[in-house]
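One structure below.
Source: prediction; values computed, not measured.
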Amino acid sequence: MKICIIGGGHSGWWTAAYLEKNVKNIDITLYETDSIPVIGVGESCLPQIKRFYDGLELTPEIWMGTTATIKWGNNHVEWDEEGGEDFAIRFWYDFDPKKDNYETKTSWDNHAYHIDTYENTRIVKESTKNVRVKNEKLTSLPNGFDFYVDCTGFSSSFTKDKTRLEISKHHILDSAWVCPVKRDDYDTTLTNSIVRNYGWQFEVPLKDRLGTGYIFSSQYVKDEEALEEYQEMIKYDYKISKPRKIKWTPKVLKNPWTDNVVSIGTSAGFVDPLEATSLYMVQIGIIQFVNCLIRGYSNKTYNRIMNNIWRECLDYIVAEYVLCGRRHTDFWKSFEESHDFYSKLMWKYYKTRSSSEKYIFPSGIWAQLGYYYNNFNYYGAR
């Protein structure tokens with residue numbers, strides 16, 4: 001089987017390495033070029049990342065490199081009220097809010113990681129043995145391959161079917177200012193997600209720096225005004241580089257695998273990096289593609305699986321905006337109308353997502369939203 005991968009960022013090299021390790025009798029060619037920049041922002045992961053690296057036969061001691069840190073949860077700052085107490089969504093995947101079940105387990109799902117995607121991509125790349133690399137910018141698909149994997153990012157340059165999955169009207173965050181800063185004295189065990197006027201700020205602690213960014217909606221604030229607000233969030237003297245702007249259209253492909261072209265990573269979809277979902281959607285897209293190849297499943301099966309995972313992922317993201325107590329700007333007020341709907345949905349997912357093996361956010365994660373926001377109105381509803 002001959003596979004052509006277009007794009008040499010983490011999506012491309014993760015795909016190449018996973019295919020090489022898990023599919024027999026495979027020939028892989030990867031096209032990459034320095035002229036296309038790599039986003040390189042998502043450095044916070046979910047616990048499932050360990051399963052992906054198990055599939056590469058790489059231990060944490062190897063793939064964490066020299067800068068990654070252990071992550072015990074996502075700390076939410078002022079999401080319920082200004083000046084209110086922080087709360088951290090922990091990886092209690094078998095959590096029951098009515099039984100005070102706060103015991104942290106020692107299995108795979110009790111922690112995640114903050115990783116340096118640049119260093120991590122280098123490590124994964126070096127783990128491959130037979131991937132043929134061509135430094136070339138493609139304008140059309142080369143002949144002679146059984147499958148093509150589009151890892152070209154937001155452009156989705158070689159995606160055949162760009163029909164979009166229907167997503168919530170509340171997915172309105174479409175911009176970011178990002179900048180690494182000196183870490184100084186900082187708790188490395190939690191990601192910080194901090195409420196801001198028109199979105200939220202992330203702080204991802206690595207051993208040698210702090211990844212920061214302001215995720216915002218251009219519907220409610222201009223880029224320059226958002227940059228001014230962002231500059232006030234971080235100490236000027238601590239900046240390692242100038243803030244960089246990233247723009248995207250929130251979207252998810254309905255058919256990421258069409259004919260013999262499969263879109264992986266941001267070429268398949270990108271909506272909002274809240275709760276470290278971005279890197280997860282890359283890894284699960286790769287894993288499911290490989291599973292379908294091994295088992296002989298069709299592209300219809302793959303697309304159905306990915307659609308279901310995306311829907312659950314996006315429901316959780318919207319629920320965080322809707323169920324929190326912040327309504328201090330028009331951006332935050334726009335979520336109020338859906339409060340009752342997501343209150344019901346939260347407890348529906350709590351009752352139906354018991355498997356930590358199957359779902360991106362199992363029951364315990366959903367339950368923590370209700371617990372921290374004291375929202376039990378529909379806890380017993382059928």
Side-chain angles (χ1 to χ4, degrees), residues 44 73-89 97 164-177 191-203 213-223 225-226 229-230 233 246-252 269-278 281 310-350 353 360-361 365-379 381:
S44 186
N74 182 12
N75 189 43
H76 293 64
V77 181
E78 298 192 338
W79 280 72
D80 203 23
E81 61 180 344
E82 183 177 3
E85 293 186 5
D86 299 354
F87 72 87
I89 296 291
R164 299 180 186 180
L165 190 70
E166 183 177 352
I167 63 176
S168 169
K169 63 180 179 180
H170 291 306
H171 292 300
I172 54 177
L173 289 96
D174 59 3
S175 309
W177 284 105
T191 300
N192 270 342
S193 296
I194 308 166
V195 163
R196 298 303 182 188
N197 288 335
Y198 306 102
W200 59 283
Q201 176 192 356
F202 67 81
E203 293 179 336
Y214 181 18
I215 313 296
F216 62 95
S217 171
S218 63
Q219 293 183 32
Y220 290 92
V221 62
K222 295 180 180 179
D223 291 347
E225 295 173 348
E229 184 181 0
Y230 180 48
M233 303 174 193
I246 300 174
K247 302 283 286 187
W248 66 90
T249 300
K251 65 180 181 181
V252 176
F270 185 87
V271 176
D272 187 332
L274 186 64
E275 294 299 344
T277 52
S278 300
M281 294 311 300
W310 267 112
R311 288 190 183 98
E312 181 189 356
C313 169
L314 298 182
D315 278 341
Y316 188 87
I317 289 174
V318 173
E320 290 212 349
Y321 293 108
V322 170
L323 298 177
C324 77
R326 301 309 301 271
R327 298 292 183 262
H328 59 295
T329 65
D330 287 342
F331 165 80
W332 288 99
K333 290 176 183 176
S334 70
F335 298 105
E336 178 59 34
E337 63 182 277
S338 299
H339 191 275
D340 196 57
F341 175 83
Y342 279 93
S343 294
K344 295 178 181 177
L345 187 67
M346 170 177 60
W347 293 114
K348 174 184 176 181
Y349 276 148
Y350 166 71
R353 297 295 188 268
I360 175 176
F361 293 120
I365 304 299
W366 285 95
Q368 287 179 77
L369 289 182
Y371 177 80
Y372 283 116
Y373 292 133
N374 194 28
N375 185 337
F376 290 92
N377 292 339
Y378 297 99
Y379 174 72

Y342, Y378, F376 screened by ring-ring contact (aromatic ring centres under 6.0 Å, His included) with W347, the one that passes: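 When ring-ring contact (aromatic ring centres under 6.0 Å, His included) is applied between W347 and each of Y342, Y378, F376, only F376 qualifies.
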Candidates D86, N74, N75 - the one meeting side chain to side chain donor-acceptor pair (under 3.5 Å) with N192: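 Output: one option passes, namely N75.
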Provide the closest heavy-atom pair for [X] versus [Y] in the form atom of the first, atom of the second, distance.
X	Y	answer
F335	I172	CZ-CD1, 4.2 Å
S175	K247	OG-NZ, 2.9 Å
C324	D80	C-OD1, 4.3 Å
F216	V221	CD1-CG1, 3.6 Å

Does any part of the side chain of [Y], heavy atoms only, come nearer than 4.5 Å to the side chain of [X], both counted from C-beta?
X	Y	value
M281	V271	no
K169	E337	yes
R311	L165	yes
H328	E82	no
H76	E275	yes
L314	S168	no
K333	D330	yes
I215	P273	yes

Are the ring centres of [X] and [Y] closer than 6.0 Å?
X	Y	value
W366	F361	no
Y373	F87	yes
W332	W200	no

Euclidean distance, [Y] [atom2] relative to [X] [atom1], rounded to 0.5 Å:
X	Y	atom1	atom2	result
L323	F341	CG	CZ	11.0 Å
K348	S343	NZ	OG	14.5 Å
Y372	E85	OH	CD	10.5 Å
R196	Q201	CZ	CD	4.5 Å
L369	N375	CG	CG	9.0 Å
I317	D272	CD1	CG	5.0 Å

Worked verdict on T191 versus S44 for side chain to side chain contact (heavy atoms under 4.5 Å, CB included): CA-CA 7 Å; T191 300; S44 186; 3.0 Å; yes
Plane angle bin for Y379 and Y350 - parallel if under 30°, tilted between 30 and 60°, otherwise perpendicular: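 Tilted: the ring planes of Y350 and Y379 meet at 30° to 60°.
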Using a 3.5 Å distance criterion without hydrogens, assess whether the side chain of [X] forms a donor-acceptor pair with backbone atoms of [Y].
X	Y	value
Y214	Y198	yes
E78	G83	yes
W79	Y321	no

E320 versus Y316, side-chain donor and acceptor atoms under 3.5 Å: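 Distance-only check passes for Y316 and E320.
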Pair T329, N197: side-chain N/O donor-acceptor within cut-off below 3.5 Å: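 Result is no, nothing qualifies.
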Salt bridge K344-D340, side-chain N to carboxylate O under 4.0 Å: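 Counted as a salt bridge, because a side-chain N and a carboxylate O are separated by less than 4.0 Å.
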Ionic contact status for R327 with E336, cut-off 4.0 Å: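 Yes, E336 and R327 are salt-bridged.
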Full working for ring pair (Phe, Tyr, Trp, His ring centres under 6.0 Å) between W248 and F270: CA-CA 8 Å; W248 66 90; F270 185 87; 5.0 Å; yes
Residue E166 excluded, over 12 heavy atoms near CD under 6.0 Å: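 No, the 6.0 Å shell around CD holds no more than 12 heavy atoms from other groups.
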